[in-house]
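Pasting in a structure now, in structure tokens, and then I'll have a few things to ask.
Chain A is the first sequence line, chain B the second, and so forth, proteins listed ahead of strands; every chain is numbered from 1.
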Amino acid sequence: MRTSQFPLNTVKETPSDAEIASHKLMLRAGLVRKLAAGLYTWLPLGVRVLQKVEAVVREEMSRAGGLEVLMPIVQPSELWEESGRWEQYGPELARLTDRHGREFCLGPTHEEIITELARNEIKSYKQLPITYYQIQTKFRDEIRPRFGIMRSREFIMKDAYSFHLDDASLQETYERMFEAYRRIFSRLGLDFRPVMADSGSIGGSLSHEFHVLADSGEDAIAFSTESDYAANVELAEVIAPSEERAAATTEMEKVSTPDQRSIEEVSQFLSVAPSNCLKTLMVKAEGKKAGLVALLLPGDRELNELKAEKIEGVASPLEMATDEEIKAAGSVTGFIGPVGLEIPVIADHAVLVMSDFVSGANEAGFHLKWTNWERDLPLPTIVADLCTAQEGDASPDGKGTLTIARGIEVGHIFQLGTKYSSAMKANVLNELGKGQTMTMGCYGIGISRVVAAAIEQSHDDRGIIWSDALAPFKVALCPMNMHKSDRLRETCENLYNELIEAGIDVLFDDRKVRAGFMFSDMELIGIPHRLVLGDRGLDSGNIEYKARGDSETQEIPMNEIVEFLKKKLVG
RNA sequence: CGGGGUGUAGCGCAGCCUGGUAGCGCAACUGCUUUGGGAGCAGUGGGUCGGGGGUUCGAAUCCCUCCUCCCCGACCA
């Protein structure tokens, strides 16, 4: 391709509403343009990158046995009513009515549609297992679209759905997909981690997220320094401490702590480490008018709401008690403690090994120092994992410690089971000739988000740095003042044709622009390999080569350049 | 949804407080010069100042209203 035929649409100035690197660079490099909040038009250069992602995804999906389909974006409400999601989904589901008054929605995902397809097309266990996939636009009316392509309302997704006679078959396909995902993200040149998205406590791994590691990521991930263990911080298990509780040393003492409410304030005021203060939180109990439950955790820890609301007896979603409710329960906000408290108590397992700790006295302006289990209050009967994992915690699999990094979720695979197939009666006849509900898996990749994530992970102050696999063009051919030298023009034209014949995606910058302008453009749009040809260089028989990430240029003999590039592009 | 901000040429912004009929830089276009790191000079085109209403002799500017877009928030003992 030639720049004279392929306008670059680059801009020097950053649009004021772009916050993160990928958003700024995608606008500056001319990959996308904003149409409205969360809606973007993809320009020719951006489309080329999207197509690179799609090509790799298609190859790996079909390698894993997937069959491509294409389902409508507009979906009838009836199917969503069958699955129950017409009610469940909130305003994020964009609904519309056609001229006949029939209700539809813009598909945020396609489980209902594929299940409808499967129940009509698949009648016998002999047709199973089967995996369908599509690359299609989705629409989710996000509360707050932001970060450009990263969190837009309309986006491109690859979604795959598998159907099985039993869970063993589902597990098999799930593992194949897991491998396919690994291959896809590796081939795209991304630094990523598969992350357990469900605690895995019930029957193995039901869901994995694939995260591209980048500081701007929206999710925090905990992964082991020693093993493959990786989990969303929200879900990472914090294992019970191995040490024994130390013996009590001093009599419990009620001390005045006027206006010292937070753990931080109390620990400073009393000169006690936060880890030796007991944090007591009151939350609503499960069921209407069920009162409150107290949650106990070490003062240097944060409550993990997801873990808390899963515990029996705790309201889900989690709701903190109001000041009035705390008063009614016999305590005071800021001075809550378990001693003498009359409501159910659930303790994090780490608090059981605390001794001589500080707790609230349930009286305004007072705390209790040197509190000890069994002596001053009974050991809590309900013990659970309540805290959010922190850097340095022991890895739950027993190998190494946890590191916390930020990630961008680009893929998610689930074992759905029969959630949709039973609601929508997707049955097949089994070997016995009896109807049986199919079991399902679903597997998504945010195609457009991958592009943004790749930029977040790989850019510098000059622009994007594409991997070979994602680059819209692999090689930039930059002639210096070609309009002045017929000899140079001829050489460039020949080289251009040679590269095309060699199957190398080359962008020939045949614009009549200055060198600096050309270089800046090519660096901004992130072309991984650059060739510079000048009249002077022709005499020496060498071509100047520079990789986008390198700081030094190298001279390559003219007659070796095609081979040289071929080798580079393979490696 | 709540709070804050914003809207002026394709992009980035000034002008608004203190009303007098719109400006700067970049980009675009033309010409000359220049030509290995986003060139210089000269010239040209481009705006219902987010929409509607009001106050006023006169509104980008003041008032009311609607809209857009952006940012922050939904872990506190």
*asked:* Under a 3.5 Å cut-off for both contacts, is B:C32 paired Watson-Crick or G-U wobble with anything, and if yes, with which nucleotide?
replied: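 Looking at the geometry, B:C32 pairs with B:G40.
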
*For A:Glu309 and B:C75, what is the distance between atoms CD and C1' respectively, to the nearest whole Å?*
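So the CD-C1' distance, A:Glu309 to B:C75, works out to 12 Å.
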
Give me, pair by pair, the N or O atoms of the protein and of nucleotides 8-15 of chain B that are less than 3.5 Å apart, along with how far apart they are.
residue: B:C11; atom: O2; partner: A:Glu13; partner atom: OE1; Å: 3.3
residue: B:G12; atom: OP1; partner: A:Ser16; partner atom: N; Å: 3.0
residue: B:G12; atom: OP1; partner: A:Ser16; partner atom: OG; Å: 3.4
residue: B:C13; atom: OP2; partner: A:Ser16; partner atom: OG; Å: 3.3

*Using the C1' atom on both, measure B:C49 against B:U6 and round to a whole Å.*
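It comes out at 14 Å once rounded to the nearest Å.
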
*Among the nucleotides B:G37, B:C69, B:G36, which one has an atom lying closest to any side-chain atom of A:Lys34?*
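For the A:Lys34 side chain, the nearest candidate turns out to be B:C69.
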
*Determine the Euclidean distance between corresponding C1' atoms of B:G38 and B:C11; express it in Å to zero decimal places.*
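15 Å, rounded to whole Å.
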
*Gap between atoms CZ and P, on A:Phe357 and B:A77 respectively (whole Å)*: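 Whole-Å distance recorded here is 17 Å.
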
*With heavy atoms under 4.0 Å as the rule, sort A:Arg301 into base, sugar-phosphate or nothing.*
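Here A:Arg301 touches no strand at all.
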
*Whole-Å distance separating the CG atom of A:Leu27 from the P atom of B:A27*: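 After rounding, the reported distance stands at 19 Å.
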
_Given B:G36, B:G38, B:C69, the nucleotide with the shortest approach to the side chain of A:Arg536_ =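 Closest nucleotide among those given: B:G36.
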
*asked:* Assess, by modelled atom type and distance only, whether the side chains of A:Ser331 and A:Asn362 contain a donor and an acceptor separated by less than 3.5 Å.
replied: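 Yes, because at least one side-chain N or O of A:Ser331 sits under 3.5 Å from a partner of the opposite role on A:Asn362.
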
*Nucleotide B:C75, atom P - distance to CD of A:Gln390 in whole Å*: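 Going from A:Gln390 (CD) to B:C75 (P), I get 18 Å.
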
*Mind checking A:Asp521 for me? I need base, sugar-phosphate or nothing, with any heavy atom below 4.0 Å counting as a touch.*
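It contacts base atoms.
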
*Which nucleotide in the set B:A77, B:G36, B:C69 lies at the smallest distance from any side-chain heavy atom of A:Met480?*
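Looking only at side-chain atoms, A:Met480 lies closest to B:G36.
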
_Base-pairing mate for B:A27 - Watson-Crick or G-U, with both contacts under 3.5 Å_ =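 In the structure as shown, B:A27 has no Watson-Crick or wobble partner.
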
*Measure from CZ on A:Arg153 to C1' on B:U68 and round the result to the nearest Å.*
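The answer, rounded to whole Å, is 12 Å.
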
*Grab the NZ-C1' distance between A:Lys12 and B:G37 for me, whole Å please.*
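Those two atoms, NZ and C1', are 12 Å apart.
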
*How many Å lie between CZ on A:Arg151 and C1' on B:C71, as a whole number?*
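Interatomic distance, CZ of A:Arg151 to C1' of B:C71: 15 Å.
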
_Backbone of A:Met482 reached by a side-chain donor or acceptor of A:Ser485 within 3.5 Å_ =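 No: the side chain of A:Ser485 does not pair with the backbone of A:Met482.
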
*Using the six-membered ring wherever Trp is involved, compare the ring planes of A:Trp373 and A:Phe357 and label them parallel, tilted or perpendicular (cut-offs 30° and 60°).*
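The rings of A:Trp373 and A:Phe357 sit tilted, inter-plane angle from 30° to 60°.
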
*For B:A77, give its Watson-Crick or G-U wobble partner with both distances under 3.5 Å, or none.*
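No nucleotide pairs with B:A77.
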
*Check every strand shown and say whether A:His483 touches a base, only sugar-phosphate, or nothing at a heavy-atom separation below 4.0 Å.*
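It contacts base atoms.
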
*Output the distance between atom OG (A:Ser448) and atom CE (A:Met26), rounded to the nearest 0.5 Å.*
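Rounded to the nearest 0.5 Å, the OG-CE separation comes to 8.0 Å.
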
_Tell me whether the side-chain N/O atoms of A:Arg514 come closer than 4.0 Å to OP1 or OP2 in B:G38._
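No, because none of the side-chain N or O atoms of A:Arg514 sits under 4.0 Å from OP1 or OP2 of B:G38.
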
*Using a strict 4.0 Å threshold on nitrogen-to-oxygen distance, state whether A:Arg487 and A:Asp535 make a salt bridge.*
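Salt bridge: yes.
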
*Classify the nucleic acid contact of A:Lys484 as base, sugar-phosphate or nothing, counting any heavy atom under 4.0 Å across all strands shown.*
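Base contact - A:Lys484 has a heavy atom under 4.0 Å of at least one base atom.
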
*asked:* Categorize A:Glu19 for me: base, sugar-phosphate, or nothing, with a 4.0 angstrom heavy-atom threshold over every strand shown.
replied: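 Result for A:Glu19 = sugar-phosphate.
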
*P atoms of B:A9 and B:G46, separation to the nearest Å*: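 These two P atoms come out 15 Å apart once rounded.
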
*asked:* Pick the closest RNA chain B nucleotide for A:Lys279 and for A:Val532 by heavy atoms, then say which residue is nearer the 5' end.
replied: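 Looking at the nearest nucleotide for each, A:Val532 comes out on the 5' side.
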
*Give the nucleotide from the list B:C70, B:C72, B:G37 with an atom nearest to the side chain of A:Arg146.*
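Selected nucleotide: B:C72.
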
*Quote, to the nearest angstrom, the P distance that separates B:U68 from B:G51.*
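So the two P atoms sit 15 Å from each other.
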
*Taking atom C1' in both B:C63 and B:U55, compute the distance separating them and give it to the nearest angstrom.*
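Rounded to whole Å, the distance is 7 Å.
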
*May I ask you to decide if the ring planes of A:His23 and A:Tyr40 are parallel, tilted or perpendicular, using 30° and 60° as cut-offs?*
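Perpendicular, since the angle between the ring planes exceeds 60°.
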
*Would A:Leu8 and A:Met522 count as a side chain to side chain contact (heavy atoms under 4.5 Å, CB included) if you check the C-alpha gap in whole Å, the side-chain angles of each, and the deciding distance to 0.1 Å?*
CA-CA 9 Å; A:Leu8 292 180; A:Met522 293 303 147; 4.1 Å; yes

*Taking the six-membered ring of A:Phe223 as reference, does the NZ or CZ atom of A:Arg193 fall below 6.0 Å from its centre and within a 45° cone about the axis?*
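The answer is yes; both the distance and angle limits are met.
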
*Establish, for the pair A:Lys138 and A:Phe155, whether the NZ or CZ atom is under 6.0 angstrom from the six-membered ring centre and no further than 45 degrees off its axis.*
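No, a cation-pi geometry is absent between A:Lys138 and A:Phe155.
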
*Sugar-phosphate only, base, or nothing, as touched by A:Leu524 at under 4.0 Å among non-hydrogen atoms*: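 Base contact.
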
_Ignoring hydrogens and geometry beyond distance, is the side chain of A:Asn481 in donor-acceptor contact with the base of B:G36 at under 3.5 Å?_
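Flag unset: no donor-acceptor pair detected.
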
*Between B:U34 atom P and A:Lys512 atom NZ, what is the distance in whole Å?*
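Atom NZ in A:Lys512 sits about 12 Å away from atom P in B:U34.
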
_Results of salt bridge (Lys or Arg N to Asp or Glu O under 4.0 Å) for A:Arg95 - residues two or more places apart only_ =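 Residues passing salt bridge (Lys or Arg N to Asp or Glu O under 4.0 Å) with A:Arg95: none at all.
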
*Base, sugar-phosphate, or nothing: which does A:Glu305 touch, judged by heavy atoms less than 4.0 Å apart?*
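Sugar-phosphate contact only - A:Glu305 comes under 4.0 Å of backbone atoms but never of a base.
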
*Tell me which nucleotide among B:A77, B:C75, B:C69 gets nearest to the side chain of A:Thr333.*
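The listed nucleotide nearest to A:Thr333's side chain is B:A77.
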
*Taking the P atom of each, how far is B:C13 from B:A42, in whole Å?*
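The answer is 27 Å between these two P atoms.
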
*If the P atom of B:G7 is compared with that of B:C17, how far apart are they to the nearest Å?*
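Going atom to atom, P in each nucleotide, I get 15 Å.
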
*How far, in whole Å, is B:U48 from B:U8 if one measures between their P atoms?*
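One P to the other, the span is 12 Å.
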
_For the residue pair A:Arg261 and A:Phe335, would you count it as a cation-pi contact if the rule is NZ or CZ under 6.0 angstrom from the ring centre and within 45 degrees of the ring axis?_
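That pair does not qualify as a cation-pi contact.
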
*Base, sugar-phosphate, or nothing: which does A:Arg462 touch, judged by heavy atoms less than 4.0 Å apart?*
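Counting heavy atoms under 4.0 Å across all strands, the contact made by A:Arg462 includes a base.
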
*For A:Met518, answer base if it contacts any base atom (sugar-phosphate contacts may also be present), sugar-phosphate if it contacts only those atoms, and nothing otherwise; contact means non-hydrogen atoms under 4.0 Å.*
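Nothing: the residue A:Met518, judged by heavy atoms under 4.0 Å, touches no strand.
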
*Whichever of A:Ile336 and A:Phe519 has its nearest RNA chain B nucleotide further upstream toward 5'*: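 Mapping each residue to its closest nucleotide by heavy atoms, the 5'-most match is A:Phe519.
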
_Looking at A:Arg530 and B:G37, is any side-chain donor or acceptor paired with a base atom of the opposite kind under 3.5 Å?_
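Check passes, donor-acceptor contact within cut-off.
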
